[in-house]
Every structure is written in C-alpha cells, then in structure tokens.
Undergrad: 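Sharing a structure below in structure tokens format, with a few things to ask.
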Amino acid sequence: MRQPLVIGNWKMNGSLSVTSELIQSMGAGIDGKISCEIGLCVPFVYLSIAVKQAQGLAIGIGAQTVSEFPNGAYTGEISAPMLAEVGCKWVLIGHSERRQYFNEGDDQLVLKLKAAQNAGLCPVFCVGETEQEKKSDKTFEVIQRQVSALLADKEVDLDNLVLAYEPVWAIGTGLTATPDEAQAVHAYIRDLLTLNVDESAQKVRILYGGSVKPDNAQSLFGQQDIDGGLIGGASLNAEDFLTICRQAK
Ligand code: PGA
C-alpha cells in the first residue's frame, strides 16, 4: 500500500508573515478526514521558520531545489546537508521551471537527486512534457528519457524517492491532463520502474501536478497509479490546499 502524499510548492511566493500564517492555518485545519502525508516546499529563506512553525504538525517542510555539490566555492548555492541541518524532509528536483529557466539537464538532476539522498532528504523528481512535445506525440518518449536518466544510475536509491508527473502545459495554466491521460502516463512510469528495477517499483509514489485544484483533485487522485499531487497555486491558500489533501485517500 502506498500512502498518498500531497506536496505544496510555493515557488517564489510568500513572505515571513505569509509563511507563519499559512502553516498555522494549515496545521489548525488538519483533521481526521486527512489521511495523506503532507509536505510544503517553501523558498530557502523561509525554511527555518517553516520548520519551526510546523513542529508538532503533520507537515514536512522541503526545499524547491538543491545544489549537486556538498560544499565549496559555489556562490549562491545551497547544499543538501544544509537543507537537512535546518530540518528539511523533502526537496524538489527537476521541476520544469528549473529545467526550462535554469537549464538543468538530466545528468545534473541525477547528481542533485543523489546529493539529496546522501544527506537523508527525500527527493521528489519531476518529469513532464512541454506543449510542443505533447502536440508532436512525444509525451511517452520524453517521459522515458527523463525517467531512464534516473534508472541508469545504480547509485539512486529507489526506496527513498518520489516521482512527480507534471505536464509542463498544465502548470499554472488552469489546464489539466484528464484523469485518463494522467493515469496512462503514471502507469507508463510505473512500468518503466518495474521493467528496470523489480517489484519494489510498486512502492514508489508517483504524484500528479499541474493545475490541481479542489474541484479536480478527486478525479485525478482516484486513478490507480496517481498517489497524490504536487500543488502550486492552490497551496498558497490553506483551505484549498487542505480540501485537496482530503481527496487523497
Ligand atoms: P500549479 O503548479 O498547481 O500552479 O499548476 C504545479 C507545480 O508547478 O508544481
């Protein structure tokens, strides 16, 4: 059995007061109707306060990216041991905005993922096709390339990893993959894992992301291979986020 997981990704949004207020409201709203695990990925500078605020609440704090290097002369970067030290549990790796705007490629992302695992963090590795790739029927090809980069590296620990399928055309656009479309890609990812690894592939959680909202979460999360969501915009509103969490059963 895979416990559903819902992770919020605030991206470059928020402030000190928003961080405190949102986590407080989320914490106050977590009740018996929520059975999923919950994560929140906040901007680096708010991590410490978020960890403090989330103490005693069933919310694990995470970062949105990480350096592939452990320390040294890499001005502006933040390492995985630093994230672990301030109390992070999660880190997003390869979000499409990192791939697109910061040119992070598959090889570098696998290094980041291993750095995260070595520091005891749980990486959430994001994959997904662009609108152009979808239009030219390349969805499965792109997913195969991105997932294979992971599987080709035998040092990657598949027991400590979450995958997220986020079609790039659905992120922040209000468009979502239909539940059937999303399920087809999730099942394909699980097949790739099973083929390359073994039965432990059944344990890997695969989240869906891209305009998940309170009114579409249930139909997406109801699919067999969708184990929860990676939530951008709707994670900046405590009530919306909790409503989404309640649908992940
Ligand atoms: P969205 O973002 O929910 O605002 O589409 C999802 C994400 O980028 O992880």
Side-chain angles (χ1 to χ4, degrees), residues 1-9 36 39 41 90 92-100 104-106 109-110 113 122-153 156 158 161-213 215-235 244 247-249:
M1 266 295 269
R2 301 182 293 268
Q3 186 191 8
L5 167 65
V6 175
I7 297 187
N9 171 16
C36 67
C41 293
W90 309 99
L92 305 181
I93 307 277
H95 187 281
S96 69
E97 287 148 20
R98 301 298 312 175
R99 292 179 187 262
Q100 264 189 307
E104 294 183 359
D106 290 330
L109 293 172
V110 173
L113 182 136
C122 182
V124 179
F125 190 78
C126 307
V127 299
E129 82 287 4
T130 62
E131 184 181 16
Q132 193 54 45
E133 287 162 342
K134 179 179 166 63
K135 279 190 179 143
S136 42
D137 270 334
K138 293 218 168 98
T139 299
F140 291 91
E141 197 182 302
V142 170
I143 300 300
Q144 204 248 355
R145 194 195 70 230
Q146 294 172 337
V147 174
S148 299
L150 267 192
L151 297 174
D153 193 318
V156 168
L158 288 166
L161 169 73
V162 170
L163 287 171
Y165 168 54
E166 297 203 298
V168 181
W169 49 269
I171 294 177
T173 58
L175 302 170
T176 36
T178 65
D180 286 347
E181 270 174 338
Q183 164 59 23
V185 176
H186 282 235
Y188 179 67
I189 293 173
R190 202 173 302 287
D191 282 349
L192 287 174
L193 293 175
T194 311
L195 270 177
N196 284 274
V197 197
D198 53 30
E199 284 309 305
S200 69
Q202 292 302 322
K203 295 194 216 132
V204 177
R205 289 180 285 187
I206 309 175
L207 311 183
Y208 172 80
S211 299
V212 177
K213 304 288 176 207
D215 60 1
N216 60 22
Q218 190 172 19
S219 56
L220 288 158
F221 297 169
Q223 300 298 311
Q224 192 184 341
D225 288 290
I226 300 184
D227 305 313
L230 183 54
I231 317 299
S235 69
I244 292 171
Q247 318 297 324
K249 310 183 237 220

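Atoms considered below: every heavy atom in the structure, side chains included; atoms not considered: hydrogens, waters and symmetry mates. Note that the coordinates shown come from a computational prediction; the quantities given were computed from them, not determined experimentally.
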Undergrad: Angle class for the F140/Y188 ring planes (parallel below 30°, perpendicular above 60°, tilted otherwise)?
TA: perpendicular
Undergrad: So, R190 side chain and V204 main chain: donor-acceptor pair closer than 3.5 Å or not?
TA: yes
Undergrad: Distance from L92 atom CG to E166 atom CD, nearest 0.5 Å?
TA: 8.0 Å
Undergrad: State, yes or no, whether a side-chain contact exists between W169 and Q132 at a heavy-atom distance under 4.5 Å.
TA: no
Undergrad: Ignoring hydrogens and geometry, is there a side-chain-to-backbone donor-acceptor pair from D227 to I206 under 3.5 Å?
TA: yes
Undergrad: What's the spacing between T194 OG1 and Q202 CD if we round to 0.5 Å?
TA: 5.0 Å
Undergrad: Distance from D180 atom CG to Q223 atom CD, nearest 0.5 Å?
TA: 5.5 Å
Undergrad: Main chain of S211, side chain of T176: is a donor-acceptor contact present, judged purely on distance under 3.5 Å?
TA: no
Undergrad: Minimum heavy-atom separation for N216 and S219, please, with both atom names.
TA: O-OG, 3.1 Å
Undergrad: Locate the shortest heavy-atom distance separating C36 from A248; write the atom from each residue and the value.
TA: CB-O, 3.6 Å
Undergrad: If you look at every heavy atom in L150 and V156, which pair is closest and at what distance?
TA: O-CG2, 3.7 Å
Undergrad: Has Y208 got a side-chain atom pairing as donor or acceptor with A177's backbone, closer than 3.5 angstrom?
TA: yes
Undergrad: Compare every heavy atom of Y165 with every heavy atom of A182, then report the nearest pair and how far apart it is.
TA: CA-CE2, 4.4 Å
Undergrad: I'd like to check D225 versus R2 (side-chain heavy atoms, cut-off strictly below 4.5 Å). Are they in contact?
TA: yes
Undergrad: Taking the side chain from S148 and the backbone from R145, do they hold a donor-acceptor pair closer than 3.5 Å?
TA: no
Undergrad: More than 12 heavy atoms of other residues, nucleotides or ligands under 6.0 Å from NZ of K138: yes or no?
TA: no
Undergrad: Name the one of L207, L230, I244 that satisfies side chain to side chain contact (heavy atoms under 4.5 Å, CB included) with V212?
TA: I244
Undergrad: Counting distance only, does the side-chain N/O of Q146 pair as donor-acceptor with the main-chain N or O of G128 below 3.5 Å?
TA: yes
Undergrad: Tell me whether the count of non-hydrogen atoms from other residues, nucleotides or ligands lying under 6.0 Å of CD in Q218 goes above 12.
TA: no
Undergrad: Within this structure, what is the CG-CG distance for the pair N196 and L158, rounded to the nearest 0.5 Å?
TA: 9.5 Å
Undergrad: For the residue pair R99 and F125, would you count it as a cation-pi contact if the rule is NZ or CZ under 6.0 angstrom from the ring centre and within 45 degrees of the ring axis?
TA: yes
